[in-house]
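Okay, so here's the structure we're looking at.
Note that these values count all heavy atoms, side chains included, but never hydrogens, waters or copies made by symmetry.
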Amino acid sequence: MKKFFKRWDLPVVALIFASLICLFYKQVIFFDEMFIKRDIGRYYHPLRLLIRRIFESGSFPFWNPYLFCGLPLFATLQSCTLYPFSILYYFGDFSRMFNVFVLFHVFLAGFWMYVLMKELGLSRLASFFSAFTFAFSGYMISAINLTISLSGAAWFPLLLFAYKRAHDSVRARTRGWYLWSVLAAITLLLMLLAGDPAIVFISFCVLGCAAFYFFFEKLWETRAISLKGLAPFFLIVLIFGLISAFQIVPFLEFMRSTDRKAMPWWVAFSWSIPPTDLISLVIPFFNDINWYFGDYWQV
């Protein structure tokens with residue numbers, strides 16, 4: 001049994017996760033129900049349907065003529081126009097395939113987290129528990145209504161996996177480090193095309209922290225400055241900048257025409273979690289206990 005599971009490790013885990021998703025989300029898989037609460041029903045579902053119809057008409061979705069006097073569509077980034085897995089929308093009834101798109105990324109989140117944990121040396125059981133905890137965590141469940149955040153975060157474990165492989169290859173002085181760096185850059189591109197620039201920004205922050213941690217770790221061990229450990233990070237940044245320009249350039253141009261370029265600090269700060277809500281990490285809804293019996297959304 002151990003040999004069987006060792007040989008078929010990833011397929012077995014993938015099958016288990018697919019089964020769990022079918023169990024937990026049976027309403028949207030086996031019945032005529034769909035994800036609808038908040039932004040997913042008001043924004044992402046109609047937006048992606050519009051893009052599908054524009055493509056089916058033989059045009060490219062540069063422009064959305066249905067909001068105000070018209071707005072850029074491809075440049076908004078949240079449209080996910082060229083996100084490769086948006087192709088799922090075209091394989092049948094749109095609402096049903098939209099559900100498939102969402103649950104596919106829940107699956108990816110768990111699968112890639114399992115791969116990452118195994119890479120870090122955890123046991124199969126611990127790796128599966130970590131993957132289960134991530135894929136079905138409160139954040140990932142709540143991110144379903146923010147489809148772009150779900151789609152981007154699902155690739156985060158793969159990004160860390162590729163970066164670790166690149167760093168380990170540099171440390172072992174093998175040539176494969178740049179290939180792993182390319183994979184990490186492509187993963188970041190997928191996260192960008194998924195539509196949430198905040199996820200990409202946070203991912204760069206995490207990679208930067210990891211890179212400088214490894215740099216100072218090496219400095220402490222050898223008492224000598226070596227920049228080789230930073231090479232994967234800077235190569236990832238360079239490659240990502242080159243291969244993502246087709247999306248970033250129109251996005252930044254569009255941003256110049258929005259009110260967010262001059263957003264007051266009080267507006268940007270208004271959705272931040274107040275310090276007193278840190279208690280809610282231990283005691284759920286500590287400041288908003290009445291919401292515990294109503295909606296998950298806190299004041």
Worksheet item: After noting the C-alpha distance and the side-chain angles of Phe17 and Phe132, does the key distance pass the ring pair (Phe, Tyr, Trp, His ring centres under 6.0 Å) rule?
Response: CA-CA 8 Å; Phe17 265 106; Phe132 177 87; 7.1 Å; no
Fill in: Residues, nucleotides or ligands: over 12 heavy atoms within 6.0 Å of Phe246 CZ
yes
Practice prompt. Start with the C-alpha gap between Tyr114 and Asp9, add the side-chain angles, then the distance that decides, and say whether side chain to side chain donor-acceptor pair (under 3.5 Å) holds.
Written response: CA-CA 10 Å; Tyr114 180 85; Asp9 192 358; 2.6 Å; yes
Item to complete: Mind telling me whether His167 and Phe214 have parallel, tilted or perpendicular rings, with 30° and 60° as the class edges?
Response: parallel
Response to the item:
Nearest heavy-atom approach of Ile144 to Ile40 is O-CD1, 3.2 Å
Worksheet item: Do the rings of Phe101 and Tyr83 sit parallel, tilted or perpendicular, given the 30° and 60° boundaries?
Response: perpendicular
Practice prompt. Fit a plane to each ring of Phe94 and Phe98, take the angle between them on a 0 to 90° scale, and name the class: parallel (under 30°), tilted (30 to 60°) or perpendicular (over 60°).
Written response: tilted
Practice prompt. Scan for salt bridge (Lys or Arg N to Asp or Glu O under 4.0 Å) pairs involving residues 137-165, sequence neighbours excluded, and state none if there are none.
Written response: Glu119-Lys164, Glu119-Arg165, Lys164-Asp168
Discussion item. Taking atom CD1 as the centre, does Ile87 end up with more than 12 heavy-atom neighbours from other residues, nucleotides or ligands that are less than 6.0 angstrom away?
Written reply: no
Practice prompt. Walk me through it: do Arg171 and Glu217 pass the test salt bridge (Lys or Arg N to Asp or Glu O under 4.0 Å)?
Written response: CA-CA 12 Å; Arg171 197 161 190 172; Glu217 181 185 49; 3.6 Å; yes
Discussion item. Hydrophobic cluster membership, with links at side-chain heavy-atom distances under 4.5 Å among I/L/V/M/F/W/Y: are Leu190 and Leu160 in one?
Written reply: yes
Discussion item. Using the ring pair (Phe, Tyr, Trp, His ring centres under 6.0 Å) definition, which of the options Trp180, Trp155, Trp112 pairs with Phe161?
Written reply: Trp180
Discussion item. We want to know whether Gln78 and Tyr43 form a side-chain donor-acceptor pair, criterion being a heavy-atom distance below 3.5 angstrom.
Written reply: yes
Worksheet item: Do other residues, nucleotides or ligands put more than 12 heavy atoms under 6.0 Å from the CZ atom of Phe60?
Response: yes
Discussion item. Heavy-atom count check: over 12 atoms from other residues, nucleotides or ligands less than 6.0 Å from Phe24 CZ?
Written reply: yes
Practice prompt. Consider only side-chain N and O atoms of Arg48 and Tyr89, and report whether a donor and an acceptor are under 3.5 Å apart.
Written response: yes
Worksheet item: Side chains of His105 and Thr147: is there a donor and an acceptor less than 3.5 Å apart?
Response: no
Discussion item. Once salt bridge (charged side-chain N to carboxylate O under 4.0 Å, His left out) is applied, do any residues pair with Arg96, and if so which ones, sequence neighbours excluded?
Written reply: Asp32
Worksheet, complete the sentence: dist Leu192:CG -> Thr187:OG1 (nearest 0.5 Å) comes out at 12.5 Å
